[in-house]
Amino acid sequence: MKPSRFLPGFFLVPCLLFCGLPATTPQEAARNIERAFASLRSLQADFEQSYYSASLATPLLEKGKLFLQKPDMMRWEYSGPERNVYLYKGGVSLAYFPEDNQLFRHALSPEEKDWAVFSLLTGRAGIIETYAIEAAEFPTDKKGSVQLKLIPLEEGELSYILIEADPRTWLLEKAIFLDWAGNKQEFRFRGFKLNPRLDARLFELEVPPDCEVIDDLPPVKNN
């Protein structure tokens, strides 16, 4: 099922010396990243997403725009290769696929509400409390960036997360999620707009009247 590639499960420099910037420990860097995102009210950014799996002959490469409005609204708007929309609002996820004229609706579990990407981008991850933190080194085209490896303290689907941040702003530029099955999902972020005034209509989803709706939302109880 299409939404499974994006729902939880993929779900968010050894010496750390930077051109004139003071040395930063991995724990201090994690706190700085957490504070940077926690201080934001809203966020807009461009993203590129890559998904690697043993079941796929070639990686799945996608791109689009991300919109975040605290406390709990997020929109991932994919522009290519297919135009899709994933919306998270009020404990519900909506995944709309225009080419198939299908809308998937899903009530998020407590675990899914703490999805790693969402927690990191909202600054509520509690990085030090949730992960063992190590300095890391992985391929990058950014000079002077901070790279960390986050290992979940509690066993789950994720094996570890690699993150890269700009030490001048402490905003995430890259996040790589690896699960125990060997699947890898990578996000690259750029073009950040901090605290933009976002139109409330961004977090509403209009679909054609003949759209097929597939959901697992609990039935509404009549009083």
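Not measured: the values here are computed from a predicted model. Computation of the quantities below employed the complete heavy-atom set of this structure, encompassing side-chain atoms and omitting hydrogens, waters and symmetry-equivalent molecules.
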Would you mind writing out the side-chain donor-acceptor pairs for residues 40-48 within the sub-3.5 Å range, not counting sequence neighbours?
unit_1, atom_1, unit_2, atom_2, d
Ser42, OG, Pro196, O, 2.6
Asp46, OD1, Lys65, NZ, 2.6

Rounded to the nearest 0.5 Å, how far apart are CD of Glu164 and OG1 of Thr140? 3.0 Å

Set of residues satisfying side-chain hydrogen bond (donor to acceptor under 3.5 Å, both in side chains) with respect to Lys89, sequence neighbours excluded: Glu204

Taken to the nearest 0.5 Å, the spacing of Leu68 CG from Met74 CE works out to 4.5 Å

Applying side-chain hydrogen bond (donor to acceptor under 3.5 Å, both in side chains) to Glu77 and not counting sequence neighbours gives Arg75

I'd like to check the side-chain contact (heavy atoms from CB on, under 4.5 Å) partners of Pro139; sequence neighbours left out, ordered by chain and number. none

Verdict with supporting geometry, Phe67 and Phe203, ring-ring contact (aromatic ring centres under 6.0 Å, His included): CA-CA 9 Å; Phe67 303 91; Phe203 303 101; 7.3 Å; no

Any pair counted as salt bridge (charged side-chain N to carboxylate O under 4.0 Å, His left out), so long as it reaches residues 51-60, sequence neighbours left out: none

For the backbone of Ala107 and the side chain of Asp216, can you confirm whether one donor and one acceptor N or O come within less than 3.5 Å of each other? yes

Between Gln147 and Glu137, what is the shortest heavy-atom contact and its length? OE1-CA, 3.2 Å

Output for pair (Cys211 SG, Glu206 CD), nearest 0.5 Å, gives 12.5 Å

Pairing of Arg31 and Glu34 as salt bridge, 4.0 angstrom limit: yes

Do you see a donor-acceptor pair shorter than 3.5 Å between the side chains of Tyr78 and Gln49? yes

Rounded to the nearest 0.5 Å, how far apart are CD of Glu157 and CG of Leu178? 13.5 Å

For Pro26 and Ala135 the tightest heavy-atom approach is CG-N, 3.7 Å

All side-chain contact (heavy atoms from CB on, under 4.5 Å) counterparts of Leu61, not counting sequence neighbours: Ser50, Pro59

Would you call the rings of Phe187 and Phe189 parallel, tilted or perpendicular, where under 30° means parallel and over 60° means perpendicular? parallel

A side-chain contact here means heavy atoms from C-beta on lying under 4.5 Å apart; do Glu99 and Arg83 qualify? no

Please examine the side chains of Ile214 and Arg105, heavy atoms only from C-beta on, and report whether any two atoms are closer than 4.5 Å. no

State which residues pass side-chain contact (heavy atoms from CB on, under 4.5 Å) with Asp141; sequence neighbours excluded, sorted by chain then number. Arg188

Verify side-chain contact (heavy atoms from CB on, under 4.5 Å) between Arg190 and Glu173, making sure each step is shown before the conclusion. CA-CA 7 Å; Arg190 59 183 175 81; Glu173 296 179 328; over 6 Å; no

Measuring only between side-chain heavy atoms, which start at C-beta, is Ile161 closer than 4.5 Å to Ile176? no

If I take atom CG from residue Leu148 and atom CD1 from residue Ile151, how far apart are they, to the nearest 0.5 angstrom? 11.0 Å

Across all chains, not counting sequence neighbours, the side-chain hydrogen bond (donor to acceptor under 3.5 Å, both in side chains) partners of Arg35 are Asn32

I want to check something: taking the side chain as every heavy atom from C-beta on, are Ile163 and Ile33 in contact at a cut-off of under 4.5 Å? yes

When clusters are formed by joining ILVMFWY residues with side-chain heavy atoms under 4.5 Å apart, either directly or through shared neighbours, do Phe177 and Leu171 land in the same one? yes

Is there a side-chain contact between Glu62 and Pro81, using heavy atoms and a 4.5 Å cut-off? yes

Ignoring hydrogens and geometry, is there a side-chain-to-backbone donor-acceptor pair from Asp179 to Asn183 under 3.5 Å? yes

Heavy-atom donor-acceptor pair, Trp76 side chain to Tyr88 backbone, under 3.5 Å: no

By side-chain hydrogen bond (donor to acceptor under 3.5 Å, both in side chains), Lys193 pairs with (sequence neighbours left out) none

Test of understanding: with salt bridge (Lys or Arg N to Asp or Glu O under 4.0 Å), list the residues that count as partners of Arg201, not counting sequence neighbours. Asp199

Side-chain heavy-atom pair Ile133, Ile127 within 4.5 angstrom cut-off: yes

Between Ser159 and Pro152, which heavy-atom pair has the shortest distance, and what is it? O-CD, 3.3 Å

Any residue meeting side-chain contact (heavy atoms from CB on, under 4.5 Å) with Leu56, in chain and number order, not counting sequence neighbours: Tyr51, Ser53, Leu60

Apply ring-ring contact (aromatic ring centres under 6.0 Å, His included) to residues Tyr160 and Tyr131 and explain how you reach the verdict. CA-CA 9 Å; Tyr160 60 90; Tyr131 302 96; over 10 Å; no

Please examine the side chains of His106 and Ser93, heavy atoms only from C-beta on, and report whether any two atoms are closer than 4.5 Å. yes

Identify whether Val213 and Val92 are in the same connected component of the hydrophobic contact network (ILVMFWY, side-chain heavy atoms under 4.5 Å). yes

Say you draw a straight line from CG of Asp215 to CG of Leu103; how long is it, rounded to the nearest 0.5 Å? 8.0 Å

Would you mind telling me which of Phe97, Tyr96, Tyr86 makes a ring pair (Phe, Tyr, Trp, His ring centres under 6.0 Å) with Phe104? Phe97

Check: Pro98 and Asn84 side chains under 4.5 Å, non-hydrogen atoms: yes

